[in-house]
Amino acid sequence: MTERNLVQAVNAALARAMAEDPSVLVIGEDVGADGGVFRATEGLLARFGKDRVIDTPLAEVGIAGLAVGLAAQGFRPVAEIQFTGFLYATLDQVLNHAARLRTRTRGRLTCPLVIRSPSGGGVRAPEHHSESPEAIFAHVPGLRVVVPSSPARAFGLLLAAIRDPDPVLFLEPTRLYRATREELDDDTPPLPLDRAFVLREGTDATLVAWGGMVPEALAAADALARDGVSCEVIDLATLKPLDEETILASVARTGRLVIVQEAPLTAGYGAEVAARVAERGLMSLRAPIRRVAGWDTVMPLPRLERDYLPNAMRIAAALRETMAFA
Amino acid sequence: MDTVVARFEIRCRRFLGPDGVPLGDLPGFARDPAVLVELYRGMVRTRALDQKAVALQRTGRLGTYASSLGQEAVVVGLAAAMRPEDVLLPSFREQGAQLWRGVTMREVLLYWGGDERGSDFAASRHDFPVCVPVGGQAPHAAGVALAFRLRGEPRAAVCVFGDGATSKGDVAEALVFAGVWALPAVFVVNNNQWAISVPRSAQTAAETLAQKAIAAGIAALQVDGNDVVAVRDAVEEALARARTGGGATLIEALTYRLSDHTTADDARRYRDDAEVSRHWREEPLPRLRNYLTSLGAWSREQEEALLEACRAEVEAAEAAYLATPPQDPATMFEHTFAALPADLVRQKAEALGGRT
Ligand SMILES: Cc1ncc(C[n+]2csc(CCOP(=O)(O)OP(=O)(O)O)c2C)c(N)n1
Ligand SMILES: [Mg+2]
């Protein structure tokens, strides 16, 4: 057993996948000698060589398109987009090509690729480095969107993403890269890509979160527990496809739902979760669904970051309001 | 049978050798030592600000910062060639050009300290802010230049980006636009040989970055980017051509990134100290200083006075930066649209009410 933080777990999953399957390639900017700007690919160049750990020229559209070509040829490229803000440029390649090559060719050509990128704020990063673009990508048919929130889930979900026969966007919360450590064996099995994780069981309210907001949701649940309120906390982990059943089962028991997302409120992924529960779980609700989200503003520079980011306090306040409904 | 249908060559311009000895006649502006002293002052100021910014970052009082150490001649030379009414479209390593155009050191520190007001600078308000997405500002330069063309104004857009940026589609597309419409734009590549850990040789198989201009049908030139006289001369020439309908130019300035990529980087992971030491011998400041000294236009006393003046300016800027009161979180909402929509008014009230 080795203790690993989230970025080390990503590194370990990449190494394991590369060791197991010679078709797995790592591509991106500074992924070689530098080991990635967050060190997610550290040591891979030395271990697997420059034919499998490929530093690219500085061109995100090129990287995404290159991955499509490699994938259609039977490789399993894992492309790193260095910071979230530069992921937007890949949207054309992802949406028009990666996510629909299978459909367009009726399965003749496929795209078993993974695009990894750090995401979210909370680390006082420069402009365009703290974005939460998951909803934009979750809107793309044919693309899976995964956001781990712990070292173990990062490891298991990344392994599964690499083995998956279709394109996966894998968003790693930057603020959790070095936040906690977990015992993690190299032969830990992959985790399913269609299941949410109940991190804490509770009876009075359901809290749904993902990525960097999961620790905030857990902290809010702690705060409510001190008031005698029992919160169930669900980490969605895989946003697309959504594990609706886990959410509905929880809401059926608690009757209350608070959704937490770091991204701006409007048309965020929380709206999808709310809509699913409104469609299939409305009758079990005892209070209106609440969303705690980033504001509909541009992600501010670090000085105002804390005024933007949802936190345990805001989540706890929403929970208390929810609990006020009898 | 194959026939030759096109030929091209790329020229490299240099006036002062690494030791500061002129290689031939200097351009007109450089015959006035006072002008050269100003260029020297601009470079020393830039270096002083960079040093301070790195120190502030190291002590937790500034965010990630990209120093221009070793590349001062590029940013100062191009800014000195510009007129105030031209528009600068920088990337994120051109604080020296911003300073030359009147942006204050305090404003530069504010931006890198994570405060949007640093991009709302008081001088040169038509200039673009720092552009972090690599190459993203290049098509904007084509747009700015087209605006000048449409209004018949004798102005030009000056866009700066790195060697890494030349791999981006944004840059290729900007050059294409500038070429087909012969736009009044000057693109300056700060070829500092590295894009974080990726060396210039791994960025493109082309012999020079300048020749990317040829493919777009615009003028191309390389300059010694450690020779501020060459940079200023090349950009002035390109600007004169741009203003008189002669179209765009791409200038590749050859220099070297003597610092880490940013304060978040450790360049020892991927490049040799020996390579860095070699490039210290080529750097731009002693080059111009030696030339000025050889003219009798610069003395040890003047050097000390300049360093002292820069130190004082930087310290005053540091104090002003640190004393700047924080922005009201309400500003996060107020600048999202020209007028705040009702939906955001509600969010703003919630955000401000929820503050402790
Ligand atoms: C589109 C985009 N991709 C990646 C990055 C991360 N990044 C910041 S600077 C940089 C290297 C830039 O190299 P170059 O263009 O040579 O400019 P330099 O930093 O050397 O001045 C990278 C990859 C970014 N800011 N924007
Ligand atoms: Mg560079």
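Convention: sequence-line order gives letters A, B, ...; per-chain numbering from 1. Just so you know, these numbers use all the heavy atoms, side chains as well, and skip hydrogens, waters and symmetry mates.
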(request) Determine whether more than 12 heavy atoms belonging to other residues, nucleotides or ligands lie under 6.0 Å from atom CZ of B:Arg61. (result) yes
(message) Heavy-atom pairs under 4.5 Å with chain A: which of B:Gln327, B:Glu116, B:His335 has the most?
(response) B:Glu116
(message) If we define contacts as heavy-atom pairs under 4.5 Å, which of B:Ala165, B:Ser167, B:Gly162 has the most with chain A?
(response) B:Ser167
(request) Go through the atoms of B:Pro133 and report whether side chain, backbone, both or neither lie under 4.5 Å from a heavy atom of chain A. (result) both
(message) Can you tell me which portion of B:Thr336 sits under 4.5 Å from chain A's heavy atoms? Options are side chain, backbone, both or neither.
(response) side chain
(request) Please say whether more than 12 non-hydrogen atoms of neighbouring residues, nucleotides or ligands are located less than 6.0 Å from CZ in A:Phe75. (result) no
(request) Ignoring hydrogens and angles, tell me if any N or O in the side chain of A:Glu131 forms a donor-acceptor pair with the backbone of A:Thr84 under 3.5 Å. (result) no
(message) So for B:Arg200, is it side chain, backbone, both, or neither that comes closer than 4.5 Å to the heavy atoms of chain A?
(response) neither
(message) Is B:Asp343 in contact with chain A via its backbone, its side chain, both, or neither, using a 4.5 Å heavy-atom distance?
(response) side chain
(message) Tell me whether B:Glu252 contacts the main-chain N or O of B:Gln222 through its side chain, where contact means a donor paired with an acceptor under 3.5 Å.
(response) no
(message) Is A:Thr266 close to chain B through its backbone or its side chain, or both, or neither, when contacts mean heavy atoms under 4.5 Å?
(response) side chain
(request) For the pair B:Arg93 (side chain) and B:Ser67 (backbone), establish whether a donor and an acceptor sit closer than 3.5 Å, ignoring hydrogens and angles. (result) yes
(request) Report the relative orientation of the aromatic rings in A:Phe86 and A:His129; use parallel for angles under 30°, tilted for 30 to 60°, perpendicular for over 60°. (result) perpendicular
(message) For A:Glu29, which atoms come within 4.5 Å of any heavy atom of chain B: side chain, backbone, both, or neither?
(response) neither
(message) If you count heavy atoms of other groups shown closer than 6.0 angstrom to CZ of B:Phe177, is the number above 12?
(response) no
(message) Treating A:His139 as the side-chain partner and A:Ala135 as the backbone partner, does any N or O pair qualify as donor plus acceptor under 3.5 Å?
(response) no
(request) Counting only heavy atoms closer than 4.5 Å, note whether B:Ile196 contacts chain A via side chain, backbone, both or neither. (result) both
(request) Mind checking salt bridge (charged side-chain N to carboxylate O under 4.0 Å, His left out) for A:Asp51 and listing every partner two or more places apart, or none if nothing turns up? (result) none
(request) Please state whether the side chain, the backbone, both or neither of B:Phe337 comes within less than 4.5 Å of a heavy atom of chain A. (result) neither
(request) Go through the atoms of A:Tyr308 and report whether side chain, backbone, both or neither lie under 4.5 Å from a heavy atom of chain B. (result) both
(request) May I ask you to list the residues in residues 253-272 of chain B that approach chain A closer than 4.5 angstrom, counting heavy atoms only, ordered by number? (result) B:Asp265, B:Arg269, B:Tyr270
